[in-house]
Amino acid sequence: MIITLAEPHDVAKLLAFREEAAAWLRGLGSDQWSRPYPADKLLATIKAGTVFMLRDGHTTAGTITLTPDAEDGLWTDDELTEPSMFINKLTVAREYAGQNLGSRLLDWAGDRAKRAGAQWIRLDAWTTNDALQRYYVEQGFTHIRTVREGAAVNGGPRVSGWLAQRPARQTDHGFTDRTPPPSRLPMAA
């Protein structure tokens with residue numbers, strides 16, 4: 001499988017991924033991703049070069065957003081002085097579930113972050129999705145705290161404030177990486 005940068009024409013696929021994931025989560029009793037995500041915000045992250053697609057031939061198997069920009073109101077000023085990259089919107093197509101692709105995408109993100117000079121990869125997860133939180137802990141993330149104050153990027157109250165991190169590190173994720181080398185973080189040593 002190959003990792004590439006997302007392109008503007010991928011917006012529809014990414015929104016469909018989110019809808020598919022939201023329907024699956026609803027079936028599990030979770031309200032995660034029940035609010036639509038604004039296509040213009042998604043397009044802006046694609047244009048910023050922070051959205052990545054996992055491709056299996058002509059099929060998109062998954063996606064992950066990896067950015068040096070933290071969402072406002074989640075991380076402390078001291079934490080923001082530590083070179084970090086932030087994971088968002090990790091999604092694996094349901095037809096690829098059970099193949100360890102989420103774990104490998106997290107490893108890829110940690111590897112890319114390390115090459116950018118990051119000390120940490122960090123994420124915020126849905127505050128009421130205990131299974132997702134357990135998954136991230138099983139993937140080596142340490143829960144830092146849960147933030148409930150503030151607003152969500154797509155409107156309404158904050159719903160994704162379970163904060164966790166793990167060290168950025170080189171890994172053999174097994175994907176063919178066809179993305180440009182990451183830019184060095186400004187605070188990287």
Side-chain angles (χ1 to χ4, degrees), residues 1-67 71 85-113 121-141 152-154 159-160 162 164 166 168-180 182:
M1 290 188 188
I2 298 167
I3 294 188
T4 64
L5 278 170
E7 298 178 17
H9 66 82
D10 288 316
V11 167
K13 180 63 178 175
L14 291 166
L15 290 173
F17 262 17
R18 189 175 179 94
E19 289 173 18
E20 177 188 52
W24 175 70
L25 288 161
R26 248 188 327 276
L28 298 175
S30 175
D31 66 344
Q32 183 170 340
W33 290 358
S34 57
R35 281 188 252 150
Y37 196 82
D40 61 325
K41 289 189 181 297
L42 189 53
L43 183 58
T45 59
I46 290 171
K47 289 180 177 179
T50 61
V51 181
F52 302 89
M53 307 293 277
L54 178 62
R55 312 242 193 226
D56 183 14
H58 294 291
T59 304
T60 302
T63 181
I64 190 170
T65 298
L66 182 66
T67 177
E71 186 178 325
M85 294 193 76
F86 301 87
I87 295 169
N88 299 293
K89 297 184 273 308
L90 169 62
T91 312
V92 173
R94 295 311 314 144
E95 67 184 280
Y96 286 89
Q99 297 181 32
N100 201 36
L101 295 184
S103 177
R104 291 171 60 198
L105 281 167
L106 291 170
D107 286 346
W108 172 85
D111 184 79
R112 184 173 181 84
I121 54 173
R122 292 177 164 153
L123 55 83
D124 58 283
W126 209 255
T127 55
T128 59
N129 190 334
D130 295 335
L132 180 61
Q133 296 165 16
R134 281 191 303 275
Y135 172 78
Y136 285 127
V137 169
E138 290 166 2
Q139 299 304 311
F141 284 83
V153 171
N154 57 340
V159 289
S160 188
W162 184 88
R166 80 177 193 196
R169 60 180 180 255
Q170 291 182 312
T171 59
D172 180 12
H173 45 74
F175 299 132
T176 301
D177 189 342
R178 295 226 175 116
T179 64

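This chain uses plain numbering: 1 for the first residue, then up along the sequence. Given the structure is predicted, the values throughout are model-derived calculations rather than measurements.
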Undergrad: Show the nearest heavy-atom pair for residues L5 and G49, with the distance to one decimal.
TA: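 For L5 and G49, the tightest heavy-atom pair comes out as CD2-O, 3.5 Å.
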
Undergrad: Ignoring hydrogens and angles, tell me if any N or O in the side chain of R104 forms a donor-acceptor pair with the backbone of H173 under 3.5 Å.
TA: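 Side chain of R104 to backbone of H173: a pair is present.
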
Undergrad: Which atoms form the tightest heavy-atom contact between I87 and L123, and what is the distance?
TA: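 In terms of heavy atoms, the two residues are closest at O-CB, 3.8 Å.
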
Undergrad: Rounded to the nearest 0.5 Å, how far apart are NZ of K47 and CG of D40?
TA: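 Here the rounded value is 10.0 Å.
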
Undergrad: Could you tell me which non-hydrogen atom of Y135 sits nearest to which non-hydrogen atom of S103, and how far apart they are?
TA: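 Taking Y135 first and S103 second, the nearest heavy atoms are OH-N, 3.0 Å.
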
Undergrad: Can you tell me how far the CG atom of D111 sits from the OG1 atom of T171, to the nearest 0.5 Å?
TA: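 One gets 4.5 Å once the value is rounded to the nearest 0.5 Å.
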
Undergrad: Taking all heavy atoms of A113 and all of I121, pick out the closest pair and write down the distance.
TA: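 Looks like CB-CG2, 3.4 Å.
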
Undergrad: What are the two closest non-hydrogen atoms of V11 and A39, and how far apart are they?
TA: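 Minimum heavy-atom contact is CG1-CB, 4.2 Å.
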
Undergrad: Side chain to side chain contact (heavy atoms under 4.5 Å, CB included) for D124 and F86? Distances and angles first, verdict last.
TA: CA-CA 8 Å; D124 58 283; F86 301 87; over 6 Å; no

Undergrad: So does A61 get a backbone contact from the side chain of E95, meaning a donor-acceptor N/O pair under 3.5 Å?
TA: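 Such a contact is absent between E95 side chain and A61 backbone.
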
Undergrad: What distance separates M53 CE from T59 OG1, expressed to the nearest 0.5 Å?
TA: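 One finds 11.0 Å between CE of M53 and OG1 of T59.
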
Undergrad: Compare every heavy atom of L90 with every heavy atom of G102, then report the nearest pair and how far apart it is.
TA: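 Heavy-atom minimum between the residues: O-CD2, 4.1 Å.
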
Undergrad: Counting heavy atoms not belonging to Q170, are there more than 12 under 6.0 Å from its CD?
TA: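 12 or below, so no.
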
Undergrad: If you round to the nearest 0.5 Å, how far is CZ of F175 from CG of D56?
TA: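 Interatomic distance, D56 CG to F175 CZ, rounded to 0.5 Å: 10.0 Å.
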
Undergrad: Over 60° means perpendicular and under 30° means parallel, so classify the ring planes of F141 and Y136, tilted if in between.
TA: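 Y136 and F141: perpendicular rings.
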
Undergrad: Measure the spacing between CG of N129 and CZ of R134 and express it to the nearest 0.5 Å.
TA: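 Answer rounded to 0.5 Å: 8.5 Å.
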
Undergrad: Any salt bridge between D107 and R166, counting N to O under 4.0 Å?
TA: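 The answer is yes: the pair qualifies as a salt bridge.
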
Undergrad: Please determine whether the number of non-hydrogen atoms from other residues, nucleotides or ligands lying under 6.0 Å from atom CZ of R178 exceeds 12.
TA: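 Atom CZ in R178 is not packed in, count stays at 12 or less.
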
Undergrad: How many angstroms lie between atom CD1 of I46 and atom OG1 of T65, to the nearest 0.5 angstrom?
TA: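 One gets 8.0 Å once the value is rounded to the nearest 0.5 Å.
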
Undergrad: For the CG atom on D172, are there more than 12 heavy atoms of other groups (residues, nucleotides or ligands in this structure) within a distance under 6.0 Å?
TA: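 It does not: D172 CG has 12 such atoms or fewer within range.
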
Undergrad: A side-chain contact here means heavy atoms from C-beta on lying under 4.5 Å apart; do D10 and V51 qualify?
TA: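 No, their side chains stay 4.5 Å or more apart.
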
Undergrad: Between L101 and M1, is any pair of side-chain heavy atoms under 4.5 Å apart?
TA: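 L101 reaches M1 side chain to side chain.
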
Undergrad: Side-chain contact test, heavy atoms from C-beta onward, threshold under 4.5 Å: evaluate it for L132 versus W162 and give yes or no.
TA: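 The answer is no; the side chains never approach within 4.5 Å.
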
Undergrad: Measuring only between side-chain heavy atoms, which start at C-beta, is L54 closer than 4.5 Å to W108?
TA: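 In short, these two side chains do not touch, never coming nearer than 4.5 Å.
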
Undergrad: Should K89 and L42 be marked as a side chain to side chain contact (heavy atoms under 4.5 Å, CB included) after you check the CA-CA gap, both sets of side-chain angles, and the distance that decides it?
TA: CA-CA 10 Å; K89 297 184 273 308; L42 189 53; 4.1 Å; yes

Undergrad: Report yes if some heavy atom in the side chain of T63 is under 4.5 Å from a heavy atom in the side chain of L14; otherwise report no.
TA: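 Side chain of T63 against side chain of L14, heavy atoms only: contact under 4.5 Å found.
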
